[in-house]
Number of protein chains: 2
Amino acid sequence: MPTSKAAKGPDMPALASPQPGKGGRKLSNFLCFAVYSANLAFGRAYKPILDQLGLTYTQYIVIVALSEEDDQTVGALGEKMFLESNTLTPILKKLESVGYITRRRDPADERQVRVSLTPAGRTLLDGDPVAPMIAATGLGDDFPVVQKSVTRLRDNLLRSTQPEPEKS
Amino acid sequence: MPTSKAAKGPDMPALASPQPGKGGRKLSNFLCFAVYSANLAFGRAYKPILDQLGLTYTQYIVIVALSEEDDQTVGALGEKMFLESNTLTPILKKLESVGYITRRRDPADERQVRVSLTPAGRTLLDGDPVAPMIAATGLGDDFPVVQKSVTRLRDNLLRSTQPEPEKS
DNA sequence: TCTATATAAATCGCATCCGATTAAATCGCA
DNA sequence: TGCGATTTAATCGGATGCGATTTATATAGA
């Protein structure tokens with residue numbers, strides 16, 4: 001009886017902003033709060049592991065994103081991570097200063113900066129340091145289901161925010 | 001076939017930190033990244049609505065938490081929100097300065113600060129300003145299922161981090 | 001009573017996020 | 001060719017999160 005079968009009975013289903021009727025408007029009924037607090041929880045759960053590597057949670061995610069492909073531009077990396085250069089640039093400079101990545105202007109287009117993992121950066125991931133986190137989620141077989149649901153939620157939210165893909 | 005039935009076939013299930021075998025270690029397979037990016041997406045989706053109220057995403061969540069009960073201490077509010085006074089105090093001072101909450105030392109224990117919504121703060125919630133967000137999630141009947149799954153995930157992660165509830 | 005300890009909030013410094021702006025390079029097009 | 005528009009990072013300021021410390025108050029034990 002884990003995550004399957006939407007209930008949707010006549011009795012107070014949990015909504016994005018729960019109940020119009022005052023009573024159900026509790027923090028615990030907000031999906032946004034569930035995601036907000038789950039994100040905090042992930043950061044705290046990762047902390048003991050990442051502290052040993054001298055990395056923050058966000059820095060670790062950047063390194064994973066960089067492991068997929070060499071010589072990504074800041075913009076391309078930002079598209080993967082849903083961030084922009086105002087957030088990424090300071091993080092990338094920090095990771096460069098500790099030797100995990102390289103940053104260089106693209107000679108063919110000096111506007112762009114290309115980022116790659118160094119061997120030291122790649123070595124960080126070899127041990128799969130966050131493998132113990134799988135058990136900590138406690139989701140068991142529901143793991144892939146939740147992963148897909150949250151991803152779908154994210155994509156729907158982003159789509160609702162942006163205007164149109166293109167129009168001309 | 002929305003969120004039900006965990007696949008768990010022999011072919012690359014999505015894991016917390018995906019595949020030991022290098023190939024599946026993609027950002028898109030990380031549950032932590034799904035939650036991380038969904039949280040960013042929520043903040044962006046709420047922004048147009050909350051901008052009109054002059055509130056940030058976190059400030060709005062604080063107000064919802066305060067609407068449940070008057071005269072909460074900073075510590076009690078922090079337990080609900082999984083935050084501590086180092087984060088809450090500046091936010092509460094800001095909300096006080098714009099007239100949405102009151103802060104006062106408890107006369108019976110001057111160490112504690114008690115926080116309540118003002119009528120203006122309570123009025124903010126009357127229109128249920130984030131109601132349009134329900135549709136933006138695009139989850140339909142899966143909404144309550146996802147809400148519960150993410151909450152369970154959060155609680156499992158927090159439990160795995162903390163030592164024991166008590167011991168003496 | 002008097003003091004050591006404990007507790008609650010606040011403060012401080014660092015690392016994100018993000019809107020707005022700036023600087024540099026490239027592109028479009030007459 | 002030349003210049004304005006566009007694109008890409010970077011910069012700047014405000015608002016979180018959070019570990020570590022500080023301040024003020026309350027409690028406990030000799």
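So that the names make sense, note that chain A is the first sequence line, chain B the second, and so on, each numbered from 1.
For the pair Thr58(A) and Asn86(A), nearest-nucleotide mapping onto DNA chain C gives the more 5' position to Thr58(A). A residue-by-residue look at Asp106(A) and Leu83(A) shows that Leu83(A) has its nearest nucleotide of DNA chain C further toward the 5' end. Of the residues near DNA chain D, Leu88(A) and Lys47(A), the one whose nearest nucleotide (by heavy atom distance) lies more toward the 5' end is Leu88(A). Positionally, the nearest nucleotide of DNA chain D for Ser85(A) lies more toward the 5' end than for the other of Gly43(A) and Ser85(A).
In this structure the side chain of Val62(B) never reaches within 4.5 angstrom of the side chain of Gln59(B), judged on heavy atoms. Put simply, the side chain of Tyr100(B) reaches to within 4.5 Å of the side chain of Leu55(B), judged on heavy atoms.
In this structure, Thr87(A) reaches the bases: a heavy-atom distance under 4.0 Å links it to at least one base atom across the strands shown. Among the heavy atoms of the strands lying under 4.0 Å from Leu40(B) are primed sugar atoms or P, OP1, OP2 only; no base atom is included. Backbone-only engagement by Gln59(B) is indicated by non-hydrogen atom pairs under 4.0 Å involving sugar-phosphate atoms exclusively. Residue contacts shown for Arg114(A) are absent, as no nucleic acid heavy atom lies under 4.0 Å away.
Atom CD of Glu84(A) and atom C1' of dC12(D) are 15 Å apart (whole Å). Rounded to whole Å, atom C1' of dG19(C) lies 21 Å from atom OH of Tyr46(B). Going from atom CG of Leu95(A) over to atom P of dA15(C) covers 11 Å, rounded to whole Å. If you measure from atom CZ of Arg104(A) to atom P of dA9(D), you get 13 Å, rounded to the nearest angstrom. Rounded to whole angstrom, the span from the CE atom of Met81(A) across to the P atom of dA15(C) amounts to 16 Å. Taking atom CG of residue Leu92(B) and atom P of nucleotide dA15(D), one finds them 14 Å apart after rounding to whole Å. Counting to the nearest Å, the C1' atom of dT8(D) and the CZ atom of Arg105(A) are 8 Å from each other. When the C1' atom of dA9(D) is taken as reference, atom CD of Gln72(A) falls 16 Å away, rounded to whole Å.
Ser116(A) and Asp71(A) share a side-chain donor-acceptor pair at under 3.5 Å. A side-chain donor from one of Ser37(B) and Arg154(A) sits under 3.5 Å from a side-chain acceptor of the other.
Using N1 to N3 plus N6-O4 or O6-N4 for Watson-Crick, or N1-O2 and O6-N3 for G-U wobble, each under 3.5 Å, dT8(D) pairs with dA23(C). dC29(C) is paired with dG2(D) under the Watson-Crick or G-U wobble criterion, all donor-acceptor distances under 3.5 Å. The base-pairing partner of dT16(C), taking Watson-Crick or G-U wobble contacts with both distances under 3.5 Å, is dA15(D).
When the nucleotides dT16(D), dA25(C), dT11(C) are ranked by their closest atom to the side chain of Glu110(A), dA25(C) comes out on top. When each of dA15(D), dT16(C), dT25(D) is scored by its nearest atom to the side-chain atoms of Ile91(A), the top-ranked nucleotide is dT16(C).
Between the side chain of Asn39(B) and the backbone N or O of Val35(B), no donor-acceptor pair lies under 3.5 Å. Looking only at distances, no side-chain donor or acceptor of Arg114(B) sits under 3.5 Å from a matching main-chain atom of Arg103(B).
Taking side-chain N and O atoms only, Tyr36(B) has a distance below 4.0 Å to OP1 or OP2 of dC17(C). For dT11(C), neither phosphate oxygen OP1 nor OP2 lies less than 4.0 angstrom from any side-chain nitrogen or oxygen of Thr89(B). For the OP1/OP2 pair of dT11(C) and a distance below 4.0 Å, the side-chain nitrogens and oxygens of Lys93(B) include at least one atom meeting the criterion. For the pair Thr56(B) and dG14(D), the criterion of a side-chain N or O lying under 4.0 Å from OP1 or OP2 is not met. Residue Arg103(A) has a polar side-chain atom (N or O) positioned under 4.0 Å from OP1 or OP2 of dA10(D).
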